[in-house]
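Reading through the C-alpha coordinates given below for one structure.
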Amino acid sequence: MIKTGAQHIEMLRDGRQVYINGQTAGDVTAHPAFRQTIRSVGMLYDFQARPDNRALMTFEVPESGGQRANRIWQLPRSHAELVQRRTALEAWTELHYGFLGRAPDHVASCISGMFMGIEVFEAYDKTRAGALADYYRYARDNDLYLTYVIINPQADRSKSAGEQQDRFLTASVVDQDAAGLTIRGAKMLATGGIMANEVFVTCIQPLREGDEPYAVSFAVPMNAGGLKILSRKSYEESAASVFDNPLASRFDENDAVLYFDNVKVPWERVFINGDIAMCQRQFHATPAHVFQNYQAQIRLMVKMRFLVGIARRIAETNGVINFPQVREMLGVLAAQNTMVDALVHAMEVKGRMLGAYFVPDAHTLYSAQVLTQQLYAGVILALRDLAGGGLIMLPSSVQDFADPELCSLIEKTQQSPVSSSKGRVKFFKLAWDAIGSEFASRHTQYEMFYAGATFVTKGHSFRTFDWDRCTQLVDHMLDSYSLDDEVDRAAPVAA
(Lines give C-alpha, C1' and ligand atoms only; values in the text may rest on other atoms or scores of the structure.)
Protein backbone atom coordinates (compact mmCIF):
# COMPACT_ATOMS: atom_id res chain seq x y z
CA MET A 1 0.00 0.00 0.00
CA ILE A 2 0.98 3.63 -0.43
CA LYS A 3 0.50 4.94 3.08
CA THR A 4 -0.90 8.36 3.99
CA GLY A 5 0.15 10.45 6.96
CA ALA A 6 -3.08 9.72 8.83
CA GLN A 7 -2.60 5.98 8.31
CA HIS A 8 0.97 6.11 9.62
CA ILE A 9 -0.01 8.13 12.70
CA GLU A 10 -2.80 5.68 13.46
CA MET A 11 -0.33 2.77 13.22
CA LEU A 12 1.72 4.36 16.03
CA ARG A 13 -1.19 4.07 18.46
CA ASP A 14 -0.18 0.48 19.16
CA GLY A 15 0.61 0.44 22.88
CA ARG A 16 4.39 0.75 22.52
CA GLN A 17 6.19 1.23 25.83
CA VAL A 18 8.01 4.58 25.60
CA TYR A 19 9.57 6.03 28.76
CA ILE A 20 10.36 9.72 29.15
CA ASN A 21 10.70 12.03 32.16
CA GLY A 22 10.25 9.17 34.60
CA GLN A 23 6.99 7.80 33.23
CA THR A 24 5.42 6.05 30.27
CA ALA A 25 4.44 8.32 27.41
CA GLY A 26 1.16 6.63 26.57
CA ASP A 27 -0.08 7.64 23.13
CA VAL A 28 3.08 9.02 21.50
CA THR A 29 1.06 10.72 18.76
CA ALA A 30 -0.48 13.02 21.41
CA HIS A 31 2.52 13.45 23.73
CA PRO A 32 4.12 16.95 23.64
CA ALA A 33 7.57 15.37 23.35
CA PHE A 34 6.79 13.68 20.03
CA ARG A 35 3.53 14.78 18.42
CA GLN A 36 4.79 17.53 16.12
CA THR A 37 7.65 15.46 14.72
CA ILE A 38 5.27 12.55 14.20
CA ARG A 39 3.12 14.91 12.15
CA SER A 40 6.18 15.89 10.14
CA VAL A 41 6.74 12.21 9.38
CA GLY A 42 3.09 12.01 8.40
CA MET A 43 3.76 14.86 5.99
CA LEU A 44 6.30 12.66 4.18
CA TYR A 45 3.67 9.99 3.62
CA ASP A 46 1.07 12.54 2.51
CA PHE A 47 3.60 13.83 -0.03
CA GLN A 48 4.16 10.39 -1.52
CA ALA A 49 0.40 9.70 -1.60
CA ARG A 50 -0.41 12.75 -3.70
CA PRO A 51 -1.52 11.71 -7.21
CA ASP A 52 0.84 14.25 -8.81
CA ASN A 53 3.81 12.66 -6.99
CA ARG A 54 2.96 9.09 -7.99
CA ALA A 55 5.63 8.82 -10.69
CA LEU A 56 8.24 10.65 -8.60
CA MET A 57 7.80 8.77 -5.32
CA THR A 58 6.62 5.27 -6.29
CA PHE A 59 7.56 2.43 -8.63
CA GLU A 60 5.71 -0.56 -9.99
CA VAL A 61 6.69 -3.67 -8.08
CA PRO A 62 7.88 -6.34 -10.55
CA GLU A 63 5.47 -9.24 -11.06
CA SER A 64 2.85 -7.60 -8.83
CA GLY A 65 0.12 -6.94 -11.34
CA GLY A 66 0.50 -3.18 -11.13
CA GLN A 67 1.07 -2.76 -7.38
CA ARG A 68 3.20 0.27 -6.53
CA ALA A 69 5.56 0.92 -3.63
CA ASN A 70 7.62 3.81 -2.31
CA ARG A 71 10.92 4.18 -4.17
CA ILE A 72 12.81 3.77 -0.88
CA TRP A 73 12.28 0.03 -1.55
CA GLN A 74 13.29 0.15 -5.22
CA LEU A 75 16.13 -2.16 -6.31
CA PRO A 76 17.84 -0.27 -9.16
CA ARG A 77 18.74 -2.34 -12.22
CA SER A 78 20.52 0.46 -14.08
CA HIS A 79 22.23 3.80 -13.56
CA ALA A 80 19.03 5.51 -14.71
CA GLU A 81 16.94 3.72 -12.07
CA LEU A 82 19.48 4.58 -9.36
CA VAL A 83 19.22 8.27 -10.32
CA GLN A 84 15.43 7.99 -10.45
CA ARG A 85 15.41 6.60 -6.91
CA ARG A 86 17.80 9.30 -5.69
CA THR A 87 15.55 12.01 -7.13
CA ALA A 88 12.69 10.68 -5.00
CA LEU A 89 14.86 10.52 -1.86
CA GLU A 90 16.08 14.05 -2.55
CA ALA A 91 12.51 15.36 -2.86
CA TRP A 92 11.53 13.66 0.40
CA THR A 93 14.57 15.03 2.21
CA GLU A 94 13.78 18.59 1.14
CA LEU A 95 10.60 18.33 3.23
CA HIS A 96 12.67 18.03 6.43
CA TYR A 97 15.77 19.92 5.20
CA GLY A 98 18.00 16.94 6.06
CA PHE A 99 17.25 17.08 9.78
CA LEU A 100 15.55 13.68 10.00
CA GLY A 101 18.70 11.62 9.95
CA ARG A 102 16.84 8.34 10.12
CA ALA A 103 13.77 9.09 8.05
CA PRO A 104 12.06 6.02 6.55
CA ASP A 105 14.41 5.90 3.54
CA HIS A 106 17.52 5.07 5.61
CA VAL A 107 16.85 1.60 7.02
CA ALA A 108 14.75 0.76 3.97
CA SER A 109 17.98 1.27 2.00
CA CYS A 110 19.80 -1.09 4.38
CA ILE A 111 17.24 -3.91 4.08
CA SER A 112 17.00 -3.39 0.32
CA GLY A 113 20.79 -3.67 0.07
CA MET A 114 20.72 -6.94 1.99
CA PHE A 115 18.03 -8.27 -0.31
CA MET A 116 20.16 -7.32 -3.32
CA GLY A 117 22.85 -9.57 -1.85
CA ILE A 118 20.47 -12.38 -0.88
CA GLU A 119 22.91 -15.00 -2.22
CA VAL A 120 25.21 -14.16 0.72
CA PHE A 121 22.40 -15.12 3.11
CA GLU A 122 21.59 -18.22 1.05
CA ALA A 123 25.19 -19.42 1.35
CA TYR A 124 24.87 -18.97 5.12
CA ASP A 125 21.41 -20.53 5.64
CA LYS A 126 18.64 -20.85 3.07
CA THR A 127 15.91 -20.67 5.70
CA ARG A 128 17.26 -17.45 7.19
CA ALA A 129 17.65 -16.07 3.65
CA GLY A 130 14.02 -16.86 3.00
CA ALA A 131 13.04 -15.03 6.16
CA LEU A 132 14.97 -11.93 5.05
CA ALA A 133 13.46 -12.00 1.56
CA ASP A 134 9.96 -12.35 2.99
CA TYR A 135 10.60 -9.50 5.40
CA TYR A 136 11.84 -7.19 2.63
CA ARG A 137 8.62 -7.84 0.71
CA TYR A 138 6.48 -7.43 3.84
CA ALA A 139 8.08 -4.08 4.76
CA ARG A 140 7.85 -2.87 1.16
CA ASP A 141 4.24 -3.91 0.62
CA ASN A 142 3.08 -2.44 3.95
CA ASP A 143 5.11 0.77 3.52
CA LEU A 144 6.76 0.33 6.91
CA TYR A 145 8.94 2.92 8.58
CA LEU A 146 11.92 1.02 10.01
CA THR A 147 14.62 2.14 12.40
CA TYR A 148 17.57 0.04 13.54
CA VAL A 149 19.76 -0.57 16.57
CA ILE A 150 23.17 -1.90 15.51
CA ILE A 151 25.48 -0.61 18.26
CA ASN A 152 26.10 -2.09 21.72
CA PRO A 153 25.93 0.03 24.91
CA GLN A 154 29.31 1.66 25.43
CA ALA A 155 30.10 0.42 28.97
CA ASP A 156 33.72 -0.85 29.09
CA ARG A 157 34.92 -0.45 25.50
CA SER A 158 38.08 -2.42 26.25
CA LYS A 159 36.01 -5.58 26.69
CA SER A 160 33.85 -7.57 24.29
CA ALA A 161 30.09 -7.90 24.71
CA GLY A 162 30.48 -11.24 26.47
CA GLU A 163 33.14 -9.91 28.87
CA GLN A 164 31.04 -7.11 30.37
CA GLN A 165 30.17 -7.35 34.06
CA ASP A 166 26.53 -7.95 33.14
CA ARG A 167 26.27 -10.64 30.48
CA PHE A 168 22.90 -9.28 29.44
CA LEU A 169 23.96 -5.63 29.17
CA THR A 170 23.97 -6.09 25.39
CA ALA A 171 20.96 -7.72 23.74
CA SER A 172 21.64 -11.42 23.30
CA VAL A 173 19.92 -14.75 22.95
CA VAL A 174 18.65 -16.07 26.29
CA ASP A 175 16.83 -19.08 24.90
CA GLN A 176 15.54 -20.56 21.68
CA ASP A 177 12.82 -23.07 20.95
CA ALA A 178 10.55 -24.15 18.12
CA ALA A 179 8.81 -20.76 18.18
CA GLY A 180 11.93 -18.58 17.93
CA LEU A 181 14.51 -16.67 19.98
CA THR A 182 14.17 -14.97 23.35
CA ILE A 183 16.24 -11.76 23.58
CA ARG A 184 17.39 -9.90 26.68
CA GLY A 185 19.55 -6.78 26.97
CA ALA A 186 20.04 -3.34 25.45
CA LYS A 187 20.91 -1.92 22.05
CA MET A 188 21.42 1.61 20.77
CA LEU A 189 20.71 3.95 19.17
CA ALA A 190 17.08 3.85 18.01
CA THR A 191 17.07 7.20 16.25
CA GLY A 192 13.55 7.80 14.96
CA GLY A 193 12.32 4.69 16.77
CA ILE A 194 9.43 6.37 18.54
CA MET A 195 8.05 7.37 15.11
CA ALA A 196 8.82 4.02 13.41
CA ASN A 197 6.74 0.89 12.91
CA GLU A 198 9.46 -1.71 13.45
CA VAL A 199 13.11 -2.06 14.42
CA PHE A 200 15.88 -4.04 12.76
CA VAL A 201 18.26 -5.37 15.41
CA THR A 202 21.80 -6.60 14.78
CA CYS A 203 25.47 -5.76 15.42
CA ILE A 204 27.70 -3.87 13.02
CA GLN A 205 30.59 -3.71 15.48
CA PRO A 206 33.18 -6.52 15.32
CA LEU A 207 32.47 -9.35 17.74
CA ARG A 208 35.00 -11.78 19.23
CA GLU A 209 35.01 -15.52 19.68
CA GLY A 210 32.64 -16.27 22.53
CA ASP A 211 30.24 -13.48 21.51
CA GLU A 212 28.02 -15.80 19.47
CA PRO A 213 24.86 -15.11 21.57
CA TYR A 214 25.14 -11.44 20.50
CA ALA A 215 25.60 -12.29 16.81
CA VAL A 216 21.96 -12.06 15.81
CA SER A 217 19.95 -10.22 13.20
CA PHE A 218 16.17 -9.88 13.44
CA ALA A 219 13.22 -7.49 13.21
CA VAL A 220 10.33 -6.85 15.60
CA PRO A 221 7.50 -4.31 15.88
CA MET A 222 8.09 -1.37 18.20
CA ASN A 223 5.21 -2.62 20.37
CA ALA A 224 6.68 -6.12 20.80
CA GLY A 225 5.99 -7.59 24.24
CA GLY A 226 8.84 -6.79 26.62
CA LEU A 227 10.40 -4.07 24.43
CA LYS A 228 11.12 -0.92 26.46
CA ILE A 229 11.94 2.32 24.62
CA LEU A 230 14.00 4.72 26.76
CA SER A 231 13.80 8.19 25.20
CA ARG A 232 16.40 10.87 25.57
CA LYS A 233 15.38 14.42 26.46
CA SER A 234 12.93 15.77 23.90
CA TYR A 235 14.01 19.01 22.26
CA GLU A 236 10.52 19.28 20.80
CA GLU A 237 9.00 19.30 24.27
CA SER A 238 11.40 22.07 25.30
CA ALA A 239 10.66 24.20 22.23
CA ALA A 240 8.67 27.27 23.25
CA SER A 241 6.98 27.62 19.87
CA VAL A 242 7.52 27.01 16.18
CA PHE A 243 8.62 30.65 15.82
CA ASP A 244 11.27 30.28 18.54
CA ASN A 245 12.44 26.79 17.50
CA PRO A 246 11.24 26.11 13.95
CA LEU A 247 13.38 22.99 13.56
CA ALA A 248 13.41 21.47 17.06
CA SER A 249 9.64 21.88 17.38
CA ARG A 250 8.92 19.84 14.23
CA PHE A 251 11.95 17.73 13.30
CA ASP A 252 13.29 16.29 16.55
CA GLU A 253 13.39 12.65 15.44
CA ASN A 254 14.50 11.62 18.93
CA ASP A 255 16.98 8.93 19.93
CA ALA A 256 16.32 6.06 22.31
CA VAL A 257 17.95 3.10 23.98
CA LEU A 258 16.01 -0.12 23.50
CA TYR A 259 15.87 -2.70 26.27
CA PHE A 260 14.68 -6.17 25.36
CA ASP A 261 13.12 -7.71 28.46
CA ASN A 262 12.81 -11.32 27.27
CA VAL A 263 11.34 -10.32 23.91
CA LYS A 264 10.17 -13.26 21.81
CA VAL A 265 11.28 -13.15 18.16
CA PRO A 266 9.58 -15.66 15.84
CA TRP A 267 11.83 -17.59 13.46
CA GLU A 268 10.29 -15.93 10.42
CA ARG A 269 11.80 -12.65 11.70
CA VAL A 270 15.29 -14.08 12.41
CA PHE A 271 17.90 -13.53 9.70
CA ILE A 272 21.13 -14.50 11.54
CA ASN A 273 21.56 -16.55 14.68
CA GLY A 274 24.91 -17.06 16.42
CA ASP A 275 27.24 -16.36 13.49
CA ILE A 276 29.84 -13.65 14.14
CA ALA A 277 31.24 -13.58 10.61
CA MET A 278 27.80 -13.33 9.04
CA CYS A 279 26.96 -10.27 11.12
CA GLN A 280 29.75 -8.45 9.26
CA ARG A 281 28.99 -10.06 5.90
CA GLN A 282 25.36 -8.94 5.94
CA PHE A 283 26.65 -5.35 5.64
CA HIS A 284 29.90 -5.61 3.69
CA ALA A 285 29.43 -8.66 1.46
CA THR A 286 26.08 -7.30 0.27
CA PRO A 287 25.32 -3.76 -0.99
CA ALA A 288 23.65 -2.92 2.35
CA HIS A 289 26.37 -0.76 3.90
CA VAL A 290 26.97 1.16 0.71
CA PHE A 291 23.28 1.58 -0.07
CA GLN A 292 22.30 2.85 3.39
CA ASN A 293 25.18 5.32 3.57
CA TYR A 294 24.57 6.49 0.02
CA GLN A 295 21.12 7.49 1.28
CA ALA A 296 22.77 9.33 4.18
CA GLN A 297 24.94 11.31 1.76
CA ILE A 298 21.86 12.27 -0.28
CA ARG A 299 20.32 13.58 2.93
CA LEU A 300 23.51 15.47 3.83
CA MET A 301 23.64 16.96 0.32
CA VAL A 302 20.22 18.54 0.91
CA LYS A 303 21.14 19.62 4.44
CA MET A 304 24.28 21.32 3.14
CA ARG A 305 22.20 23.30 0.65
CA PHE A 306 20.00 24.45 3.51
CA LEU A 307 22.95 25.48 5.68
CA VAL A 308 24.66 27.32 2.83
CA GLY A 309 21.36 29.10 2.19
CA ILE A 310 21.39 30.19 5.83
CA ALA A 311 24.96 31.46 5.40
CA ARG A 312 23.99 33.60 2.43
CA ARG A 313 20.92 34.95 4.24
CA ILE A 314 23.05 35.83 7.31
CA ALA A 315 25.35 37.92 5.13
CA GLU A 316 22.40 39.67 3.48
CA THR A 317 20.55 40.27 6.75
CA ASN A 318 23.63 41.81 8.37
CA GLY A 319 24.45 43.92 5.31
CA VAL A 320 27.90 42.41 4.82
CA ILE A 321 27.30 40.51 1.59
CA ASN A 322 29.69 42.78 -0.35
CA PHE A 323 32.57 42.55 2.13
CA PRO A 324 35.45 40.74 0.35
CA GLN A 325 36.21 38.53 3.34
CA VAL A 326 32.54 37.52 3.60
CA ARG A 327 32.37 36.63 -0.07
CA GLU A 328 35.53 34.58 0.41
CA MET A 329 33.91 32.65 3.26
CA LEU A 330 30.73 32.13 1.26
CA GLY A 331 32.81 30.96 -1.67
CA VAL A 332 34.40 28.27 0.46
CA LEU A 333 31.00 27.15 1.76
CA ALA A 334 29.66 27.04 -1.79
CA ALA A 335 32.61 24.89 -2.86
CA GLN A 336 32.06 22.52 0.07
CA ASN A 337 28.38 22.24 -0.80
CA THR A 338 29.20 21.41 -4.40
CA MET A 339 31.80 18.86 -3.31
CA VAL A 340 29.14 16.88 -1.42
CA ASP A 341 26.77 17.19 -4.38
CA ALA A 342 29.49 16.05 -6.80
CA LEU A 343 30.45 13.06 -4.65
CA VAL A 344 26.83 11.85 -4.60
CA HIS A 345 26.64 12.09 -8.38
CA ALA A 346 30.06 10.45 -8.73
CA MET A 347 28.90 7.47 -6.66
CA GLU A 348 26.21 6.98 -9.27
CA VAL A 349 28.34 7.58 -12.36
CA LYS A 350 31.04 5.22 -11.08
CA GLY A 351 28.51 2.64 -9.92
CA ARG A 352 28.52 -0.94 -11.20
CA MET A 353 26.32 -3.91 -11.79
CA LEU A 354 26.28 -6.43 -8.95
CA GLY A 355 24.34 -9.36 -10.26
CA ALA A 356 21.01 -7.98 -11.43
CA TYR A 357 21.36 -4.67 -9.59
CA PHE A 358 23.19 -1.38 -10.11
CA VAL A 359 24.90 -0.15 -6.93
CA PRO A 360 26.82 3.06 -6.09
CA ASP A 361 30.61 3.06 -6.07
CA ALA A 362 31.86 2.01 -2.64
CA HIS A 363 35.09 3.96 -2.45
CA THR A 364 33.52 7.22 -3.59
CA LEU A 365 30.95 6.76 -0.83
CA TYR A 366 33.60 6.13 1.82
CA SER A 367 35.62 9.09 0.56
CA ALA A 368 32.53 11.24 1.05
CA GLN A 369 32.09 9.93 4.59
CA VAL A 370 35.70 10.63 5.56
CA LEU A 371 35.52 14.17 4.19
CA THR A 372 32.05 15.10 5.45
CA GLN A 373 32.67 13.84 8.98
CA GLN A 374 35.37 16.50 9.24
CA LEU A 375 33.45 19.02 7.15
CA TYR A 376 30.21 19.43 9.08
CA ALA A 377 31.60 20.91 12.29
CA GLY A 378 33.65 23.36 10.20
CA VAL A 379 30.57 24.49 8.31
CA ILE A 380 28.72 25.12 11.58
CA LEU A 381 31.68 27.12 12.89
CA ALA A 382 31.78 29.19 9.70
CA LEU A 383 28.09 30.06 10.02
CA ARG A 384 28.60 31.06 13.65
CA ASP A 385 31.50 33.26 12.58
CA LEU A 386 29.35 34.94 9.94
CA ALA A 387 26.46 35.59 12.32
CA GLY A 388 28.39 36.94 15.28
CA GLY A 389 26.26 38.20 18.15
CA GLY A 390 23.16 38.25 16.00
CA LEU A 391 22.52 34.64 16.90
CA ILE A 392 22.11 35.38 20.59
CA MET A 393 20.92 39.00 20.67
CA LEU A 394 17.31 37.95 20.20
CA PRO A 395 14.00 38.41 22.07
CA SER A 396 13.39 35.77 24.71
CA SER A 397 10.33 34.27 23.01
CA VAL A 398 7.43 34.94 20.68
CA GLN A 399 5.53 36.29 23.70
CA ASP A 400 7.67 39.44 23.65
CA PHE A 401 5.87 40.48 20.47
CA ALA A 402 2.51 40.33 22.27
CA ASP A 403 3.49 43.28 24.48
CA PRO A 404 3.19 46.57 22.53
CA GLU A 405 6.00 48.30 24.41
CA LEU A 406 8.39 45.38 23.98
CA CYS A 407 7.39 45.02 20.37
CA SER A 408 8.24 48.68 19.79
CA LEU A 409 11.68 48.18 21.36
CA ILE A 410 12.26 45.09 19.23
CA GLU A 411 11.53 47.18 16.13
CA LYS A 412 14.20 49.67 17.18
CA THR A 413 16.89 47.17 18.20
CA GLN A 414 16.46 44.42 15.60
CA GLN A 415 17.18 46.19 12.33
CA SER A 416 18.38 44.92 8.97
CA PRO A 417 18.92 46.55 5.58
CA VAL A 418 16.89 43.82 3.86
CA SER A 419 14.24 42.81 6.38
CA SER A 420 11.78 44.09 8.94
CA SER A 421 12.61 43.63 12.61
CA LYS A 422 10.15 40.75 12.82
CA GLY A 423 11.65 39.16 9.73
CA ARG A 424 15.16 39.54 11.15
CA VAL A 425 14.20 37.91 14.44
CA LYS A 426 12.34 35.13 12.64
CA PHE A 427 15.36 34.35 10.48
CA PHE A 428 17.92 34.42 13.30
CA LYS A 429 15.69 32.20 15.44
CA LEU A 430 15.85 29.68 12.57
CA ALA A 431 19.61 30.12 12.19
CA TRP A 432 20.16 29.57 15.92
CA ASP A 433 18.02 26.43 15.89
CA ALA A 434 20.06 25.10 12.95
CA ILE A 435 23.55 25.85 14.24
CA GLY A 436 23.56 26.89 17.90
CA SER A 437 20.71 25.42 19.93
CA GLU A 438 20.76 22.16 21.89
CA PHE A 439 18.96 20.61 18.93
CA ALA A 440 21.71 21.89 16.61
CA SER A 441 24.43 20.59 18.92
CA ARG A 442 22.91 17.12 18.77
CA HIS A 443 22.98 17.33 14.97
CA THR A 444 26.65 18.26 14.92
CA GLN A 445 27.42 15.23 17.08
CA TYR A 446 25.18 13.06 14.90
CA GLU A 447 26.84 14.08 11.63
CA MET A 448 30.28 13.48 13.10
CA PHE A 449 29.54 9.95 14.33
CA TYR A 450 26.46 8.41 12.68
CA ALA A 451 28.73 6.55 10.25
CA GLY A 452 30.98 5.39 13.08
CA ALA A 453 34.17 6.73 14.60
CA THR A 454 36.45 8.49 12.13
CA PHE A 455 38.96 5.64 12.21
CA VAL A 456 36.17 3.32 11.02
CA THR A 457 35.25 5.39 7.98
CA LYS A 458 38.93 5.93 7.16
CA GLY A 459 39.40 2.17 7.39
CA HIS A 460 36.56 1.64 4.89
CA SER A 461 38.26 4.12 2.56
CA PHE A 462 41.57 2.27 2.88
CA ARG A 463 39.90 -1.11 2.31
CA THR A 464 38.01 -0.16 -0.84
CA PHE A 465 40.58 2.01 -2.61
CA ASP A 466 42.25 0.81 -5.83
CA TRP A 467 45.78 0.89 -4.49
CA ASP A 468 47.12 -1.26 -7.35
CA ARG A 469 46.25 1.37 -9.92
CA CYS A 470 48.34 3.91 -8.00
CA THR A 471 51.31 1.69 -7.16
CA GLN A 472 51.46 0.40 -10.74
CA LEU A 473 52.17 3.96 -11.86
CA VAL A 474 55.00 4.13 -9.33
CA ASP A 475 56.34 0.75 -10.49
CA HIS A 476 56.13 1.82 -14.13
CA MET A 477 58.19 4.89 -13.31
CA LEU A 478 60.74 2.84 -11.35
CA ASP A 479 60.99 0.31 -14.19
CA SER A 480 61.77 3.06 -16.71
CA TYR A 481 65.38 3.36 -15.50
CA SER A 482 68.03 1.34 -13.64
CA LEU A 483 71.09 1.94 -11.58
CA ASP A 484 73.29 -0.09 -13.95
CA ASP A 485 72.24 1.99 -16.94
CA GLU A 486 72.92 5.19 -15.07
CA VAL A 487 76.32 3.96 -13.89
CA ASP A 488 77.24 3.03 -17.47
CA ARG A 489 76.20 6.46 -18.69
CA ALA A 490 78.18 8.17 -15.99
CA ALA A 491 81.35 6.12 -16.59
CA PRO A 492 84.20 8.22 -18.08
CA VAL A 493 84.91 7.61 -21.73
CA ALA A 494 88.35 6.04 -22.33
CA ALA A 495 90.92 8.40 -23.92
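Side-chain N/O atoms of Gln292 and Tyr148 include a donor and acceptor closer than 3.5 Å. Between the side chains of Ser231 and Asn254, at least one donor-acceptor pair of N or O atoms lies under 3.5 Å. A donor-acceptor contact closer than 3.5 angstrom is absent between the side chains of Lys303 and Asn337.
For His460 and His289, the distance between ring centers is under 6.0 angstrom. Centroid-to-centroid, the aromatic rings of Phe271 and Tyr135 come within less than 6.0 Å. Between Phe34 and His31, the gap from one ring centroid to the other is short of 6.0 Å. Taking the six-membered ring for Trp and the full ring otherwise, Phe462 and Trp467 have centroids separated by under 6.0 Å. Checked against a 6.0 Å centroid threshold, the rings of Tyr136 and Phe115 count as neighbours.
In this structure, the side-chain hydrogen bond (donor to acceptor under 3.5 Å, both in side chains) partners of Gln295, at least two apart in sequence or on a different chain, are Asp105, His106. With sequence neighbours left out, Ala387 forms a side-chain contact (heavy atoms from CB on, under 4.5 Å) with Ile314, Leu391, Phe428. Considering only residues two or more places apart in sequence or on other chains, Ser158 meets the side-chain hydrogen bond (donor to acceptor under 3.5 Å, both in side chains) condition with Asp156. Scanning for salt bridge (charged side-chain N to carboxylate O under 4.0 Å, His left out) contacts around Arg128 gives an empty result, with sequence neighbours left out. With sequence neighbours excluded, the residues that form a side-chain hydrogen bond (donor to acceptor under 3.5 Å, both in side chains) with Gln373 are Thr457. Ala161 pairs by the side-chain contact (heavy atoms from CB on, under 4.5 Å) definition with Asn152, Thr170, Asp211, Tyr214, not counting sequence neighbours. Residues meeting the side-chain contact (heavy atoms from CB on, under 4.5 Å) test with Phe358, sequence neighbours left out: His79, Leu82, Met353. Partners of Arg137 under the salt bridge (charged side-chain N to carboxylate O under 4.0 Å, His left out) rule, at least two apart in sequence or in another chain, are Asp134. With sequence neighbours excluded, the residues forming a salt bridge (charged side-chain N to carboxylate O under 4.0 Å, His left out) with Asp244 are Lys429, listed by chain and number. Applying the side-chain hydrogen bond (donor to acceptor under 3.5 Å, both in side chains) rule to Ser397 yields no partners; only residues at least two apart in sequence or on another chain are considered. Under the rule for a salt bridge (charged side-chain N to carboxylate O under 4.0 Å, His left out), Glu236 has no partner lying at least two apart in sequence or in another chain. Remark: Ser437 pairs with Trp432, Asp433, Phe439, Ala440 by the side-chain contact (heavy atoms from CB on, under 4.5 Å) rule, at least two apart or across chains.
Annotation: cation-pi pair Arg442/Tyr446 present, NZ/CZ under 6.0 Å from the ring centroid and within 45° of its normal. Under a cutoff of 6.0 Å and an axis angle of 45°, Lys3 and Tyr45 form a cation-pi pair. A cation-pi arrangement, defined by a distance under 6.0 Å to the six-membered ring centre and an angle within 45 degrees of its axis, is absent between Arg184 and Phe260.
Of the candidates Ile183, Asp177, Asp175, Asp177 is the only one forming a side-chain contact (heavy atoms from CB on, under 4.5 Å) with Lys264.
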